[in-house]
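All remarks here apply to the structure that follows.
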Amino acid sequence: MGNTVTCCVSPDASPKLGRARGGAAAAGADHWGDAYQAAAAGGGAGPAEAESGDSDPGGGGGPHLQHISDRELPDDLALESNPSDHPRASTIFLSKSQTDVREKRKSNHINHVSPGQLTKKYSSCSTIFIDDSTVSQPNLRSTIKCVTLAIFYHIKNRDSDRSLDIFDEKSHPLTREEVPDDYYKHDPDHKHIYRFVRTLFSAAQLTAECAIVTLVYLERLLTYAEIDICPSNWKRIVLGAILLASKVWDDQAVWNVDYCQILKDITVEDMNEMERHFLELLQFNINVPASVYAKYYFDLRSLADDNNLSFLLEPLSKERAQKLEAISRLCEDKYKDLSKAAMRRSFSADNLVGIRRSNAILS
């Protein structure tokens, strides 16, 4: 996640599409690049403001001075409210999907319908079926389907319709077509969301990992800004999350002007303004720990399994097994080297000649 990122504000420059970079663009990129780099390095929000009304801690007649530890959130509550920051917190999209999953299972049980697909393949003693999607190299098509399904459940099972003007499609339309007056009443279906995201990822040549980071930023925005993703704002929120994720993840990021060529009617100024608001609402927290990324990946796999979104399975061949074994061996050797280095740092050098380990005796 620590890749170098670049943000652009110039309408006539793009490294990905081979355009020359102008002086104004370089200045803007340096300014926003510093902000991204500072945020990725761990820069957080400023100190919290002191509560008013505290006075005279030693006096008997004044109000009681609340200790700072009493105002802090308990660990469990903090984890629950920030799933995009902590690996132990449950993802929001998976919890929002459980209501529909339970209803679907109940309906299948009553109607005696098999929950699985008739063509689904299962491993046996003689044959092991495996897909080509891993946490380090997810399958692009399957990952986009899962991410858009998670967005669909966010919209369908939202708590309310809290939003901000910068994300409202009526105030900031993405196309020149007139937005209907009842645009906020109709929830988009999964296919509609999938087509919108797939178009962006295909045109900008984004990776599957970027889709997972997009979902992390989306849930972080909903948590930090205390808003909901709904029919009136989902396109702009998803676009802002994709824009930010592509700049954080890819070494050669897509510039804002590139998205203006994909979405013909949106302006660079609008993209820049939305990007600034998105970053401010995230409190410039664009860091995604590996543990959080892995949690989102496996929760997306669980979401796919609950909704019968099958990954393409193929029998495990000898060549694929040897390749997986080689990758595992490299990872194992790497962790052994790291553990040895940590062990050497932990020993004292006082009267230390050598370290001998005795064999364990099992009786």
Side-chain angles (χ1 to χ4, degrees), residues 7 84 92-93 96-97 140 143-206 210-248 253-282:
C7 177
S84 61
I92 303 175
F93 71 85
K96 286 185 177 294
S97 68
L140 177 61
T143 302
I144 293 179
K145 275 191 173 183
C146 294
V147 169
T148 52
L149 184 61
I151 297 172
F152 167 77
Y153 278 120
H154 263 291
I155 300 173
K156 181 181 179 182
N157 298 327
R158 62 189 182 276
D159 298 325
S160 61
D161 292 312
R162 299 169 299 175
S163 185
L164 295 172
D165 180 72
I166 187 63
F167 299 122
D168 190 89
E169 196 172 345
K170 186 76 172 180
S171 304
H172 304 274
L174 296 179
T175 63
R176 294 180 182 177
E177 298 179 3
E178 185 178 357
V179 180
D181 294 334
D182 59 345
Y183 69 105
Y184 59 90
K185 296 182 179 179
H186 304 290
D187 293 352
D189 57 15
H190 179 215
K191 290 182 179 180
H192 187 192
I193 302 172
Y194 173 72
R195 285 195 296 268
F196 177 78
V197 175
R198 183 190 61 184
T199 300
L200 293 175
F201 269 72
S202 177
Q205 301 179 5
L206 303 179
C210 185
I212 298 176
V213 178
T214 295
L215 185 58
V216 175
Y217 287 158
L218 188 147
E219 293 206 341
R220 186 173 293 174
L221 175 74
L222 301 183
T223 304
Y224 283 21
E226 297 182 349
I227 61 176
D228 301 281
I229 183 169
C230 51
S232 63
N233 63 14
W234 73 268
K235 283 187 178 180
R236 290 182 63 84
I237 287 181
V238 171
L239 176 60
I242 292 175
L243 169 67
L244 191 60
S246 65
K247 292 184 177 183
V248 172
V254 182
W255 285 30
N256 293 4
V257 65
D258 298 332
Y259 290 99
C260 296
Q261 294 185 1
I262 301 171
L263 304 171
K264 301 294 184 180
D265 300 326
I266 194 171
T267 64
V268 179
E269 292 75 18
D270 185 19
M271 293 286 293
N272 295 339
E273 183 182 6
M274 181 175 62
E275 181 184 15
R276 285 192 294 268
H277 278 79
F278 208 108
L279 276 169
E280 291 171 358
L281 292 171
L282 289 185

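Keep in mind that what you see is a predicted model, and the values were worked out from it rather than measured.
Counting heavy atoms from C-beta on, the side chains of Leu281 and Leu164 come closer than 4.5 Å. Side-chain atoms of Leu149 and Phe93, non-hydrogen and from C-beta on, never get closer than 4.5 Å to each other. In this structure, the side chains of Gln205 and Val254 stay at 4.5 Å or more apart for every pair of heavy atoms. Side chains of Thr214 and Leu244 form no contact here, defined as non-hydrogen atoms less than 4.5 Å apart. Residues Glu219 and His154 meet the side-chain proximity criterion, which asks for heavy atoms closer than 4.5 Å. Side-chain contact between Ile155 and Pro231 is present, with at least one heavy-atom pair separated by less than 4.5 Å. Inter-residue side-chain proximity for Leu239 and Met271 is flagged as met; some heavy-atom pair is nearer than 4.5 Å. For the pair Asp258 and Trp255, the minimum side-chain heavy-atom distance is below 4.5 Å.
Atom-to-atom distance recorded for Ile151:CD1 and Cys146:SG is 11.5 Å, nearest 0.5 angstrom. The SG atom of Cys230 sits 6.0 Å away from the CZ atom of Arg158 when rounded to the nearest 0.5 Å. With rounding to the nearest 0.5 Å, the separation of NZ in Lys247 from CD1 in Ile242 is 13.5 Å. With values rounded to the nearest 0.5 angstrom, Leu221 atom CG is found 12.0 Å from Tyr217 atom OH. Rounding to the nearest 0.5 angstrom, the gap separating the CE atom in Met274 from the CD1 atom in Ile266 is 5.0 Å. Rounding to the nearest 0.5 angstrom, the gap separating the CD1 atom in Ile92 from the CG atom in Leu215 is 9.0 Å.
Looking at every heavy atom in both residues, Ser97 comes nearest to Tyr153 through CB-CD1, 3.6 Å. Residues Ser246 and Tyr259 come closest through the heavy atom pair OG-OH, 3.0 Å. Val197 and Val238 make their closest contact through CG2-CG1, 3.9 Å (heavy atoms, listed as atom of the first residue, atom of the second, distance). For the residue pair Ala204 and Ile262, the shortest heavy atom distance occurs at N-CD1, 4.0 Å. What you find for Phe152 and Pro188 is that their closest heavy atoms are CD1-O, 3.6 Å. Closest approach of Ile229 to Leu222, counting heavy atoms only: N-CD2, 3.8 Å.
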Could you go through the side chain to side chain donor-acceptor pair (under 3.5 Å) check for Asp165 and Ser171 one step at a time?
CA-CA 7 Å; Asp165 180 72; Ser171 304; 2.8 Å; yes
Going through the checks in order, is the side chain to side chain donor-acceptor pair (under 3.5 Å) test met by Glu275 and Asn256?
CA-CA 9 Å; Glu275 181 184 15; Asn256 293 4; 3.1 Å; yes
Between Leu140 and Leu206, does the side chain to side chain contact (heavy atoms under 4.5 Å, CB included) criterion hold? Intermediate values first, please.
CA-CA 9 Å; Leu140 177 61; Leu206 303 179; over 6 Å; no
Go through the steps to decide whether Asp161 and Lys185 satisfy the test salt bridge (charged side-chain N to carboxylate O under 4.0 Å, His left out), and finish with yes or no.
CA-CA 10 Å; Asp161 292 312; Lys185 296 182 179 179; over 6 Å; no
Check against side chain to side chain contact (heavy atoms under 4.5 Å, CB included), Asp265 and Leu174
CA-CA 6 Å; Asp265 300 326; Leu174 296 179; over 6 Å; no
Side chain to side chain donor-acceptor pair (under 3.5 Å) between Thr199 and Tyr194, intermediate numbers included
CA-CA 8 Å; Thr199 300; Tyr194 173 72; over 6 Å; no
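For the pair Lys170 and Asp181, the salt-bridge criterion is met [side-chain N within less than 4.0 Å of a carboxylate O]. The residues Asp228 and Arg162 are annotated as salt-bridged, a charged nitrogen and a carboxylate oxygen being separated by less than 4.0 angstrom. A salt bridge links Asp270 to Arg236: one of the charged nitrogens lies within less than 4.0 Å of a carboxylate oxygen.
Within the 3.5 Å criterion, the main-chain N or O of Phe167 finds no donor-acceptor partner in the side chain of Asn233.
Within the structure, every pair that satisfies the ring-ring contact (aromatic ring centres under 6.0 Å, His included) test and touches residues 169-193, not counting sequence neighbours, is listed here: His192-Trp234.
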